[in-house]
2 protein chains.
Amino acid sequence: MLKRSPSLTEQVKSYLKQRIIAAEFEAGRIPSEADLASEMSVSRNTVRDALSRLEMEGFVVRRQGAGTFVNQHGLLVKTRLEEIVPYEILIREHGYEPAVHLLQVEERLADPPLTTALNLTPGQPVIAVQKLFLADTQPVIFNQTFLSPHMLKRPYTADDFSGPIYQFLPKFCQQELAYFFSEIVPLIAPPWLVERLKLPSSPAALLSLQEVGYNQDNEPIIKASSYFRDDLLRLRLIRRQGQ
Amino acid sequence: MLKRSPSLTEQVKSYLKQRIIAAEFEAGRIPSEADLASEMSVSRNTVRDALSRLEMEGFVVRRQGAGTFVNQHGLLVKTRLEEIVPYEILIREHGYEPAVHLLQVEERLADPPLTTALNLTPGQPVIAVQKLFLADTQPVIFNQTFLSPHMLKRPYTADDFSGPIYQFLPKFCQQELAYFFSEIVPLIAPPWLVERLKLPSSPAALLSLQEVGYNQDNEPIIKASSYFRDDLLRLRLIRRQGQ
DNA sequence: CAGTGGTCTAGACCACGGG
DNA sequence: CCGTGGTCTAGACCACTGG
């Protein structure tokens, strides 16, 4: 427990997470911050940072004066929408075996809303990537992603898009995806989505995520639309008091 | 800038937020952490905590080696789903004048799913509260909240439910709402919702939030279902890399 | 290279919980 | 009352950005 890079805080966090998942703590009670600090020979602040993140993620609850405890409810639910997670993982955590079909990778002209969202000049092309995610052979997520080819630092083939876009970006564009800005939109599946997702009944309600991704310099770099079958997947979220 | 409670961090945060909104920073550049610290005579850690929160909320971006900057994109969007915010505020920030109709407050028997969610024993009653939120006289949110009457420390009247439930809880139950655990569900409005929300067309897609609220002791205390007209309101979210 | 944010430490005091 | 988490300080070193 002395290396750098994962940060110390990160190491402490994953160590504790591991012990929590292994149910190593009696009655869900986690040792005091001071004890953990001396046990791992780090400062109490480092332990506190790690515990804060675990609390944000719903793994523990802290009560002033009483102690820190495992959050049984939070443990049951692993996938939370406020975190960017590969859709494969989301599918697996719902109990299905995930698969991805790369449907299409093509360059085309950006339409005006896309031009605005990505800060392009009119008439510029975009790369459009379409993917279909399966859960145990059933289609569950349709995803369409757009990015500007002028970010590319080296040539690509369609196959390079088979993984998550935020793994493509560092490799081919020397960009990092810092965050997504997402709108959650319910909709009645239009015919083309009924067909793509092989929806059993129609009309069917779908959840859609309309998002713009930003890099570290806070510039919009990708636009993505995803459509979820809600009968097989459920998006979850922890909401806290603001301020 | 020396009082206690709100915490120093909180004071620094709202001071900076204020200056950001007033666009007081040249070219969106925020002074260095060291400068801010000495300017306000607090430690750099306190400044950093405040900036971290502002970053989480999308108000600023930080770049190692470069500096801290106002996030223009984040400023445009004020209401974020991961924060518990009164629906009135959400409606106002969408540009409408909010209003609330308290439709019903009644005690009834808890059905089995509710019994499970709130950890009740079968046959126990619950208080059911129904509210309708209007945006400029148009119905936009229908909300139904359930809580167990055995938490009540003193008698209530229906009117006591006219504000947000998390203002009722401290007063009447000596409980604090720590967080909501929420599922986001799209649905096709059933007839009773078409009627309640006066939906102009049918079938219409709605967004629904199915949530369970927990207190500081991590016990479930309320269950709430909300239904949003998505043509008037849009739920937004910032998603970041996990880990 | 100087200046920035990122991480970590050691120590202090406070507010609250529960016995 | 003691032990817990909550807050804050002062100082250190590192990694990175930009000129």
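Throughout, protein chains are lettered first and strands after them, A, B, ... in sequence-line order, and every chain is numbered starting at 1.
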- Item | Atom pair distance, as rounded to whole Å: CD in Gln174(B) and P in dG17(C) | 12 Å
- Message: Glu211(B) vs Glu183(B), test: side-chain contact (heavy atoms from CB on, under 4.5 Å). Steps then yes/no.
- Response: CA-CA 6 Å; Glu211(B) 21 194 24; Glu183(B) 291 195 353; over 6 Å; no
Name the pairs: protein N/O against N/O of nucleotides 3-5 of chain D, kept only if under 3.5 Å.
residue, atom, partner, partner atom, Å
dG3(D), N2, Gly65(A), O, 2.9
dT4(D), O2, Gly65(A), N, 3.2
dG5(D), OP1, Thr68(A), OG1, 3.1
dG5(D), OP2, Glu33(A), N, 2.9
dG5(D), N7, Arg44(A), NH2, 3.4

- Query: Rounded to the Å, how far apart are Leu8(A) CG and dA10(C) C1'?
  - Reply: 15 Å
- Would you kindly give the CG-to-P distance between Asn215(A) and dT17(D), to the nearest whole Å? 13 Å
- Protein-nucleotide distance (Lys13(A), atom NZ; dC8(C), atom P), rounded to Å: 13 Å
- Item | Interatomic distance, Gln216(B) CD vs dG17(C) P [rounded to whole Å] | 8 Å
- With Val70(A) as reference, evaluate Leu16(A), Val61(A), Leu75(A), Leu54(A) under the side chain to side chain contact (heavy atoms under 4.5 Å, CB included) test and give the passing residue. Leu75(A)
- Query: Below 6.0 angstrom between ring centroids: does that apply to Phe133(A) and Phe228(A)?
  - Reply: no
- In whole angstroms, how far is the P atom of dC8(C) from the CG atom of Asp49(B)? 15 Å
- Item | From CA spacing to verdict: side-chain contact (heavy atoms from CB on, under 4.5 Å), Arg240(B), Glu83(A) | CA-CA 5 Å; Arg240(B) 297 176 188 279; Glu83(A) 248 183 47; over 6 Å; no
- Considering the terminal five base pairs at each end of the helix from dC1(C)-dG18(D) to dG18(C)-dC1(D), what angle separates the two local helix axes, rounded to 10°? 10°
- Please report, rounded to the nearest Å, how far the C1' atom of dC8(C) is from the CG atom of Leu36(A). 17 Å
- N or O in side chain of Ser7(A) less than 4.0 angstrom from dG6(C) OP1/OP2: no
Enumerate, atom names and distances included, each donor-acceptor pair closer than 3.5 Å involving a side-chain atom of residues 161-175 of chain A, sequence neighbours excluded.
residue, atom, partner, partner atom, Å
Ser162(A), OG, Asp159(A), O, 2.8
Gln175(A), OE1, Asn215(A), ND2, 2.7

- Message: Check for me whether Arg63(A) meets the cation-pi criterion with Phe69(A), that is, NZ or CZ under 6.0 Å from the six-membered ring centre and within 45 degrees of the ring axis.
- Response: yes
- Item | Rounded distance (Å) that lies between atom P of dG11(D) and atom CG of Asn45(A) | 16 Å
- Message: Show every salt bridge (Lys or Arg N to Asp or Glu O under 4.0 Å) that has at least one partner inside residues 38-52 of chain B, sequence neighbours left out.
- Response: Arg19(B)-Glu39(B), Glu33(B)-Arg44(B), Glu33(B)-Arg48(B)
- Note on the structure: Nearest-nucleotide check on DNA chain D, Ser43(B) vs Asp217(A); residue mapping nearer the 5' end is Ser43(B)
- How would you list, by chain and number, every residue that makes a ring-ring contact (aromatic ring centres under 6.0 Å, His included) with Phe180(B), sequence neighbours excluded? none
- Item | Residues forming a ring-ring contact (aromatic ring centres under 6.0 Å, His included) with His73(B), sequence neighbours excluded | Tyr214(A)
